[in-house]
Every structure is written in C-alpha cells, then in structure tokens.
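Reviewing the structure listed below.
When a residue number appears, it is its place in the shown sequence, counting from 1. Start at 1 and go down the list; that is how both ligands and their atoms are numbered. The basis for the numbers below is simple: all heavy atoms, side chains too, and nothing from hydrogens, waters or symmetry mates.
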Amino acid sequence: MKWMRKPKIILVPYPAQGHVTPILNLASTFLSHGFEPVMVTPEFIHRRFISNIDSKSDISCISIPDGLEMDKPSDFFAIEKAMENTMPTHLESLVQKLSEDGEVVACMVVDLLASWAIGVGHRCGVPVAGFWPAMLATYQLIAAIPDMVGTQLISDTGTPQHPGPLRFLPDQPLLSTEDLPWLIGTPPSRKARFKFWTRALDRSRNLPWLLVNSFPDEFINHDKPQNGALLENSMNQPRIFQVGSLSKHALVKNPSFWEEDLSCLQWLDKQKLNSVLYISFGSWVSPIGEGNVKKLALTLEEIGLPFLWVLGPTWKDGLPSGYLERVSKQGTVVSWAPQHEVLQHEAVTCYLTHCGWNSTMEAIRCQKRLLCYPVAGDQFVNCAYITEKWKIGVRISGLGQKEMERGLRRVMDDKKMSDRLGRLRERTMGEEASSVMMSSLATFVNDFKKQTDGMFPTDLA
Ligand SMILES: O=c1ccn([C@@H]2O[C@H](COP(=O)(O)OP(=O)(O)O[C@H]3O[C@H](CO)[C@@H](O)[C@H](O)[C@H]3O)[C@@H](O)[C@H]2O)c(=O)[nH]1
C-alpha cells in the first residue's frame with residue numbers, strides 16, 4: 001500500500017516561551033526525516049503565538065482546550081491544574097481522531113514539564129520520547145532527587161538539610177543548597193513544585209529516550225558507550241540524545257508570545273560598536289521584583305552606559321517617575337525584543353541575563369559576554385556553568401551601582417573571554433558538534449522506527 005501522507009510526530013511543550021521555542025526548533029529537524037511535526041499547545045498559548053508562525057510552514061500547530069479563564073493571567077499552579085485535569089482527555093481524543101482518519105502517529109515528543117502527556121501516549125499505543133528544554137546538568141539534578149533524599153541531602157519534601165555550597169553531582173560546579181530548581185517562592189509553593197518534579201520524574205523514568213536541548217559534550221562520560229546516545233539505559237534512565245543546537249533559526253520564525261518591538265534595532269543602529277548593555281530576564285518566572293526594577297533603573301542612570309532593557313508593561317509601571325524621559329538619550333526600554341537579532345547586533349557588548357537556558361545558548365551563538373543575575377529554577381545551575389566552567393560571564397550579587405560596576409569591569413576586562421566564547425560556540429554548534437547531533441537524531445529516529453515496525457510507509461522507513 002502506498003501511503004500518501006507523512007507519518008506525524010506530535011510534540012507537546014510546557015506552555016511557556018522558553019519551551020515552545022526549542023521544541024519548535026526540534027520539530028523542524030524532523031522534517032528532513034520525512035515526518036510531519038504537529039505541535040500541540042493549550043489554547044491560551046496557541047492564541048498568542050500562532051500569528052507569528054509562518055502559515056506556509058510544514059509544521060502544524062494545533063490547540064486543545066485548557067479550561068483556563070480567557071485574559072486572566074495564569075500562574076504556574078493554574079497551568080499545572082489545566083495540564084493535569086483538562087488537557088489529557090483532549091489530547092487523547094485528538095490522537096484517536098488522527099488514527100481514525102488514517103493518519104500514522106509515529107511518536108510523541110513530550111516536554112518533561114508537560115509529563116501529563118506521557119500517559120496519553122501510552123494509552124494510545126504511541127511511542128513516547130521525553131524532551132528536556134534545558135541543560136543535561138539540570139536534568140541530572142532532578143533525576144538525582146531519590147538519591148538526594150536517600151542520603152538526606154534534602155528532606156522528602158525537597159527542603160535542603162545542609163546549608164552552604166555543595167557539589168551535587170560529580171564534575172558539576174558547586175551549588176548552594178538554595179539553588180535547587182524547585183526552591184521558588186514560599187515554603188508551600190516550594191513543596192508543591194518539588195511534588196511537580198517528583199511526579200515528572202516518576203512518569204518519565206521508564207521512557208526509552210530523552211531528547212535534550214543541549215550539545216554533545218556538555219557532559220562527558222568516557223565510560224559510557226557513545227553511539228549517538230550519551231547515557232545508556234543502564235540505570236533505568238532514558239537513552240539521552242543531545243540535539244539542542246541542531247535547530248536552524250532560519251527554518252522556524254520565532255514563535256514569539258509577544259509582539260517584538262523592532263524599533264530597538266533602529267536604536268541599536270545608531271549606537272557605537274560594542275557599547276550597549278542588553279538586559280532581559282526572560283519570560284517565565286516573574287523577573288526580579290519591583291524593588292529591584294527601581295534599583296536597576298537608578299544604577300543604569302548612574303553608570304551612564306547605553307542600555308537596551310526588555311521590561312514587560314506591568315514592570316515598566318514600577319520605574320521611577322519621569323525615568324524614561326530622563327534616560328531617553330542614554331537607553332531604551334521595550335516590552336519584548338527580537339532577541340536573536342539584538343544579540344547579533346554589533347552595538348551590543350554584554351548581556352545582563354537571568355541565565356535562562358535558551359538565552360544562554362543564543363548568547364553563545366552570538367558571542368556575547370554575560371553578566372549573570374539568576375532568579376529561579378535552573379538558572380543557578382546554568383549560571384554556575386557560565387561563570388565557573390566555561391568562564392564566559394560573571395555573576396553579580398545585586399543590582400546596585402557597586403555590584404554592577406564591579407561585574408561590568410570584570411566581564412569587560414577579561415581579555416580571554418572572547419576566545420573562550422569562540423571555542424565554546426565551536427564546541428556547541430560548530431561543524432563537528434552539528435554532525436554528532438545529526439547522527440544522534442538519526443539514531444533516535446531509527447530506534448523508534450524499529451519499535452514501530454510495519455507502521456511506516458516503505459518509502460519512508
Ligand atoms: O525580549 C525578549 C526576551 C526573550 N526572548 C526569547 O525568549 C526566550 C527566553 O528563553 P529562556 O532564556 O530560556 O528564558 P525563560 O523564558 O525564562 O525560560 C524558562 O525555560 C527555560 C528552559 O527550560 C529555563 O532555562 C528558564 O530558566 C525558564 O525561566 C529566548 O529564546 C529569547 O530569545 C525574546 O524573543 N524577546
């Protein structure tokens with residue numbers, strides 16, 4: 001029988017910018033393997049980015065109901081509730097409908113933060129691969145939760161039992177016990193986030209594959225067979241494939257949740273080479289708090305350095321009165337920037353960042369030094385790699401004038417930082433790294449094709 005339609009791969013991201021962007025990039029890499037990628041997101045997110053997706057794109061974007069109130073901001077826990085209670089039945093119906101219509105769903109790629117969808121795949125008899133949108137190092141930290149509880153490093157609700165810096169895993173930089181990814185907000189919220197992670201870990205432990213949004217030698221374990229996969233399934237862990245920097249930005253237009261303010265590129269064109277500090281704290285976690293917004297605003301004014309600051313409308317209201325007029329000759333504030341273009345711009349010299357993983361990879365791609373102010377989640381781990389392992393940035397402990405000036409001096413005076421950035425870009429996205437990642441992806445595709453023998457049209461299998 002000759003199949004007319006391409007087999008589908010359904011991709012389910014956690015509904016946040018830092019997750020949708022990398023999963024869509026991953027989706028684009030399946031096109032050359034003969035699949036039709038279908039990204040499924042809840043309605044509240046779909047509405048926001050769909051107009052920014054190229055309508056001629058070969059990637060389909062489908063929304064499912066989330067039960068969330070329209071136009072009401074949803075916090076982490078409201079989204080969790082929607083994912084756990086509302087979305088599974090809708091995804092299941094979607095997969096069943098596709099099968100009834102004669103479509104082949106070859107595989108589902110599920111963000112581990114959207115682990116609710118793993119069960120849907122199992123119930124529908126579709127092979128499921130996990131997707132980790134961040135560093136492998138943070139996955140390993142999460143995967144080590146049972147060991148951390150067992151060795152009483154943390155309590156069984158995730159509370160650190162020993163203060164001070166610790167090396168949680170071999171080869172990883174030192175971290176403070178306060179830097180663990182679930183330690184966000186009040187004690188009840190920390191416990192609830194810990195529960196979220198342990199549940200994600202339980203659901204994903206037996207997955208055969210995990211695709212990681214990272215690069216091949218982020219973690220080197222010479223004792224393990226390479227063969228496209230970094231860690232074999234020996235410890236009841238998925239086989240790991242690092243395919244992060246395979247993404248071709250040209251293939252997918254940025255699925256921005258907010259409208260990009262392009263005027264900042266014209267503003268950058270008028271600035272001197274290597275003169276501008278770019279500032280952005282990403283999209284997911286509330287950035288830095290009102291007090292810190294005010295503090296940073298005044299610091300920038302005192303330092304007098306040209307700056308481009310991404311600050312959402314709610315936070316903009318927290319700027320000191322008359323501030324924007326006062327600094328109009330020095331800097332510019334936008335609600336959302338075309339970040340990749342900004343980082344590529346020659347006027348930008350340094351990036352004050354929250355160390356979100358996508359921003360970190362983009363800064364490496366564009367060769368920009370980093371001034372790090374991690375806020376939450378995996379950002380402390382990323383920051384430790386940036387500042388201690390790779391030495392492509394400097395961490396600042398506060399946003400006051402002294403800390404900023406000291407940090408800027410250290411980051412700009414480091415004569416070897418540009419070389420390190422160059423070498424890191426080569427290691428992470430150069431030709432050799434890309435070819436390893438391409439073969440990793442091919443190994444993964446062949447692997448799941450084997451599991452679904454007979455499902456594929458012969459001319460694609
Ligand atoms: O004005 C802006 C600001 C950001 N971005 C883009 O938004 C994305 C932000 O991603 P990331 O840097 O990873 O930050 P978050 O959105 O905060 O991502 C969440 O998800 C990441 C992946 O799991 C984690 O590493 C972060 O800590 C977590 O906050 C990047 O692609 C940026 O280019 C823009 O396009 N315009």
Side-chain angles (χ1 to χ4, degrees), residues 13-26 45 48-49 52 75-76 79 111-114 130-139 141-142 179-184 193 196-197 200 211-214 218 244-245 247 249 252-265 268 278-288 307-313 315-316 332-345 348 351-366 368 370 372-386 393:
Y14 178 82
Q17 183 78 68
H19 296 245
V20 170
T21 304
I23 218 163
L24 208 50
N25 281 325
L26 174 68
I45 283 300
R48 289 217 215 143
F49 71 80
N52 291 326
D75 69 2
F76 180 83
I79 294 173
D111 190 335
L112 294 197
L113 277 86
F131 173 69
W132 184 251
M135 280 190 90
L136 179 58
T138 28
Y139 169 73
L141 206 54
I142 299 289
D179 292 347
L180 292 168
W182 52 87
L183 298 178
I184 302 177
R193 283 175 191 266
F196 174 90
W197 282 118
L211 303 172
V212 181
N213 184 27
S214 162
E218 181 219 307
S245 25
S247 46
H249 284 264
V252 181
K253 212 173 140 230
N254 189 13
S256 247
F257 289 7
W258 297 273
E259 200 180 334
E260 292 169 344
D261 187 338
L262 301 178
S263 70
C264 61
L265 295 176
L268 280 175
Y278 171 59
I279 306 158
S280 162
F281 296 97
S283 65
W284 182 27
V285 186
S286 309
I288 50 174
F307 68 86
L308 163 56
W309 187 0
V310 177
L311 195 61
W315 298 96
K316 227 181 203 173
T332 186
V333 178
V334 294
S335 299
W336 193 249
Q339 179 161 303
H340 201 245
E341 283 87 340
V342 166
L343 285 173
Q344 273 177 320
H345 203 287
V348 172
Y351 172 18
L352 171 55
T353 176
H354 67 317
C355 305
W357 181 240
N358 296 290
S359 295
T360 303
M361 295 280 277
E362 289 160 17
I364 296 171
R365 191 181 285 276
C366 302
K368 298 297 180 213
L370 298 166
C372 303
Y373 189 75
V375 182
D378 62 338
Q379 296 155 16
F380 299 101
V381 180
N382 303 342
C383 175
Y385 274 79
I386 293 168

[X]-ligand 1 polar pair, N/O distance under 3.5 Å:
| X | result |
| --- | --- |
| E260 | no |
| E362 | yes |
| S283 | yes |
| H354 | yes |
| N358 | yes |

Between [X] and [Y], is there a donor-acceptor pair closer than 3.5 Å when you use the side chain of the first and the backbone of the second?
| X | Y | value |
| --- | --- | --- |
| Q379 | Y373 | no |
| K368 | H345 | yes |
| W357 | T360 | no |
| N213 | P133 | yes |
| W258 | G312 | no |

Legend entry - Working for side-chain contact (heavy atoms from CB on, under 4.5 Å), residues M135 and N382: CA-CA 7 Å; M135 280 190 90; N382 303 342; 3.5 Å; yes
Show the atoms of ligand 1 that are less than 4.0 angstrom away from any heavy atom in [X].
| X | answer |
| --- | --- |
| H19 | 20 (O), 23 (O) |
| V310 | 1 (O) |
| D378 | 24 (C), 25 (O), 26 (C), 27 (O) |

Compare [options] and give the one whose heavy atom is closest to [atom].
| atom | options | value |
| --- | --- | --- |
| atom 1 (O) of ligand 1 | G377, P181, A337 | A337 |
| atom 9 (C) of ligand 1 | A363, A376, G356, S359 | S359 |
| atom 5 (N) of ligand 1 | W336, F281, F380 | W336 |

Inset, instruction - Decide whether the shortest distance between a heavy atom of S280 and an atom of ligand 1 is less than 4.0 Å. - result: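 Heavy atoms of S280 do come under 4.0 Å of ligand 1.
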Inset, instruction - Report yes or no: does Q17 have a heavy atom closer than 4.0 Å to ligand 1? - result: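 Q17 counts as a contact of ligand 1 under the 4.0 Å cut-off.
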Inset, instruction - Just say parallel, tilted or perpendicular for the rings of W132 and W197, cut-offs at 30° and 60°. - result: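 Because their plane-to-plane angle lies in the 30° to 60° range, the rings of W132 and W197 count as tilted.
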Legend entry - Derivation and outcome, side-chain contact (heavy atoms from CB on, under 4.5 Å), residues F281 and V310: CA-CA 8 Å; F281 296 97; V310 177; over 6 Å; no
Legend entry - Polar side chain donor-acceptor pair, Y351 to S359, under 3.5 angstrom: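 Yes.
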